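Owing to the predicted nature of the structure, the values given are computational and were not obtained by experimental measurement. These numbers come from the heavy atoms of this one structure, side chains and all, not from hydrogens, waters or symmetry mates. Convention: sequence-line order gives letters A, B, ...; per-chain numbering from 1.
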There are 2 protein chains.
Amino acid sequence: MSTAGLARTRVRRADIVAAALELFADKGYLATTMDDIGRAVNVRGPSLYKHVASKQDLLVEIMETSIETVLRDHRVAVGSTDDVGDQLRRAVEAHVRFHARHRLEAFVGTRELRHLSEGARAAMAARRRDYERGFRVLVERGVAEGRFRVGSVRLTTYSILDMGVGVSVWFRDGEEFSVDEIAYRYGDLAMRLVGAA
Amino acid sequence: MSTAGLARTRVRRADIVAAALELFADKGYLATTMDDIGRAVNVRGPSLYKHVASKQDLLVEIMETSIETVLRDHRVAVGSTDDVGDQLRRAVEAHVRFHARHRLEAFVGTRELRHLSEGARAAMAARRRDYERGFRVLVERGVAEGRFRVGSVRLTTYSILDMGVGVSVWFRDGEEFSVDEIAYRYGDLAMRLVGAA
DNA sequence: GCCCCAGGCTAACAACAGCTAGCCGCAACG
DNA sequence: CGTTGCGGCTAGCTGTTGTTAGCCTGGGGC
């Protein structure tokens with residue numbers, strides 16, 4: 001009865017995940033209830049269990065597809081050229097592009113790591129370390145080839161990564177900058193950081 | 001009875017706040033229970049209410065003293081010279097120093113903003129905007145005086161701030177770098193970002 | 001036209017967490 | 001020494017949340 005009748009909603013798993021993503025990003029994982037998620041897809045909380053095993057599952061799915069995307073984009077960027085300078089620039093562009101375009105995923109990905117169950121968290125942490133290493137290796141090679149000049153590879157790498165991550169916090173679509181503009185400009189900034197400007 | 005007898009613990013408010021800080025940073029505000037905090041100071045959860053009005057109060061106290069410190073340090077740094085370059089450099093050093101030395105406060109400060117009650121959150125958000133503006137103004141002036149050359153004041157400012165914030169995530173005392181080393185190096189990095197190297 | 005089951009719903013449970021109530025011991029002070 | 005109150009403690013209330021159980025409906029396949 002009530003409104004459920006007319007809202008013959010075909011709720012697919014993807015819709016639920018999308019709703020969960022938005023809520024996790026907005027209120028945080030713990031503060032989001034299954035009822036919240038249900039409401040966002042016009043369903044009562046318990047009905048979600050017809051599509052999803054648990055709330056934790058939603059978080060895991062969000063974070064895993066997210067890191068997978070990032071890693072793939074990174075590989076593509078780095079594989080697209082042999083010039084370290086271009087590799088770093090493109091890797092940064094991909095990094096920033098992701099953190100702008102998928103800002104919710106990125107946001108949840110960094111903020112809710114600790115609410116992942118033991119196993120999933122370990123796996124995610126490893127992936128993220130891989131990703132970081134990818135950048136560090138680039139900076140190192142640039143230095144070795146005499147193309148970059150940095151005070152500390154580690155600090156420079158962290159700086160590049162962190163400023164990209166920051167984009168996911170303040171970016172809003174349709175404001176001053178487009179995703180591409182931001183990607184390019186951050187590419188420039190990264191070049192400055194490694195002393196290759 | 002039990003162990004409580006011998007552990008004649010004099011629990012002061014400051015100890016409780018310190019314990020809460022550590023737990024909030026480690027597990028997050030929502031995931032931390034009053035019992036957790038009590039356990040950290042050798043007391044049962046409910047006993048905390050003899051010293052503290054609520055869990056929320058603990059968060060508010062942590063975040064307010066934290067932002068107050070940052071703003072004070074910032075003012076001191078900027079007020080110590082008239083040269084924009086030095087001002088920015090010192091502001092960055094102060095920024096990074098805080099995020100390293102008080103990494104838990106900094107971490108909680110950014111992560112738990114949303115779990116602040118309505119009023120406190122608005123106040124904190126305003127303070128944080130002030131802080132950001134402080135940096136933006138410096139970058140703007142540097143550009144106006146022809147000392148800096150940046151693609152976008154806004155993006156450059158965000159980058160500087162975000163890379164400093166990142167320090168609070170990975171910094172550990174007694175590892176590769178000391179707080180001062182990091183502060184100096186990040187000062188250099190910021191100079192590079194504004195094109196004043 | 002009948003049956004089946006995907007996918008909704010409500011009820012309810014169990015675990016908790018924040019917080020209050022109310023008790024008690026002991027150290028300090030007069 | 002008596003008393004007072006700080007600062008513990010336990011019991012317990014209340015509200016919430018993830019999740020399960022079990023019911024019901026309507027549309028698609030035979």
Side-chain angles (χ1 to χ4, degrees), chain A residues 1-21 23-24 26-63 108 112 114-121, chain B residues 1-24 26-62 108 112 114-118 120:
Chain A
M1 55 155 166
S2 79
T3 62
L6 55 145
R8 192 103 318 276
T9 355
R10 187 140 291 274
V11 175
R12 288 171 324 283
R13 195 165 204 280
D15 296 321
I16 298 175
V17 175
L21 170 59
L23 285 161
F24 290 169
D26 186 42
K27 324 173 41 160
Y29 175 71
L30 288 184
T32 300
T33 73
M34 289 302 269
D35 281 339
D36 289 336
I37 301 172
R39 197 171 311 121
V41 294
N42 287 314
V43 142
R44 309 292 132 177
S47 301
L48 296 172
Y49 288 87
K50 287 284 157 71
H51 306 274
V52 169
S54 66
K55 182 176 150 184
Q56 174 72 206
D57 254 32
L58 285 168
L59 184 59
V60 170
E61 172 155 345
I62 287 169
M63 299 198 50
V108 170
E112 307 293 353
R114 56 179 153 200
H115 296 124
L116 235 31
S117 62
E118 188 54 49
R121 185 171 61 249
Chain B
M1 56 155 164
S2 83
T3 61
L6 55 144
R8 193 105 315 278
T9 355
R10 188 143 289 275
V11 176
R12 287 174 321 284
R13 195 163 204 279
D15 296 321
I16 298 175
V17 174
L21 170 60
E22 208 136 341
L23 285 161
F24 290 168
D26 186 43
K27 325 174 40 161
Y29 175 71
L30 288 184
T32 300
T33 71
M34 289 304 269
D35 281 337
D36 289 335
I37 300 171
R39 197 172 311 120
V41 293
N42 287 313
V43 141
R44 308 295 130 169
S47 300
L48 296 173
Y49 289 89
K50 287 287 157 73
H51 305 274
V52 170
S54 67
K55 183 176 150 184
Q56 173 72 205
D57 254 32
L58 286 168
L59 184 60
V60 170
E61 172 154 345
I62 287 169
V108 170
E112 308 292 356
R114 55 178 153 203
H115 296 125
L116 235 32
S117 61
E118 189 55 50

Under the side-chain contact (heavy atoms from CB on, under 4.5 Å) rule, collect the residues that match up with [X], sequence neighbours excluded.
X: E112(A); value: Y29(A), L59(A), V108(A), H115(A), R114(B)
X: D26(A); value: none
X: A40(B); value: A19(B), L23(B)

>> Run the salt bridge (Lys or Arg N to Asp or Glu O under 4.0 Å) test against K27(B) and tell me which residues pass, sequence neighbours left out.
In response: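 K27(B) satisfies salt bridge (Lys or Arg N to Asp or Glu O under 4.0 Å) with D36(B) once adjacent residues are dropped.
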Just how far, in rounded Å, is [atom2] of [N] from [atom1] of [X]?
X: R44(A); N: dC23(D); atom1: CZ; atom2: C1'; result: 16 Å
X: R12(B); N: dG8(D); atom1: CZ; atom2: P; result: 11 Å
X: H115(A); N: dG18(D); atom1: NE2; atom2: C1'; result: 15 Å
X: D36(A); N: dT16(D); atom1: CG; atom2: P; result: 12 Å
X: R39(A); N: dT17(D); atom1: CZ; atom2: P; result: 10 Å
X: R13(A); N: dG8(C); atom1: CZ; atom2: P; result: 14 Å
X: I16(B); N: dC19(C); atom1: CD1; atom2: P; result: 13 Å
X: L30(A); N: dG18(C); atom1: CG; atom2: C1'; result: 15 Å

>> Let me check the geometry of the helix from dG1(C)-dC30(D) to dG30(C)-dC1(D). What is the bend angle between the axes at its two ends, five pairs each, to 10°?
In response: 0°
What closest approach, in Å, do [X] and [Y] show between heavy atoms, and which atom pair accounts for it?
X: S47(B); Y: V43(B); result: CB-CG1, 3.2 Å
X: L58(B); Y: A20(B); result: CD1-CB, 4.0 Å
X: L48(A); Y: G38(A); result: CD1-N, 3.6 Å
X: H51(A); Y: I16(A); result: CB-CD1, 3.6 Å

Quick one: which protein N/O atoms are closer than 3.5 Å to N/O atoms of nucleotides 19-22 of chain D? Pair and distance per line, please.
unit_1  : atom_1 : unit_2 : atom_2 : d
dT19(D) : OP2    : Y49(A) : OH     : 2.7
dT19(D) : OP2    : K55(A) : N      : 3.0
dT19(D) : O5'    : Y49(A) : OH     : 3.3

> Does S47(B) place a side-chain N or O at less than 4.0 Å from the phosphate oxygens OP1/OP2 of dC9(D)?
Replying inline: yes
> Can you find a side chain N or O atom of H51(A) that sits less than 4.0 Å from OP1 or OP2 on dG8(C)?
Replying inline: yes
> What is the distance from atom NZ of K55(B) to atom CE of M34(B), rounded to the nearest 0.5 Å?
Replying inline: 8.0 Å
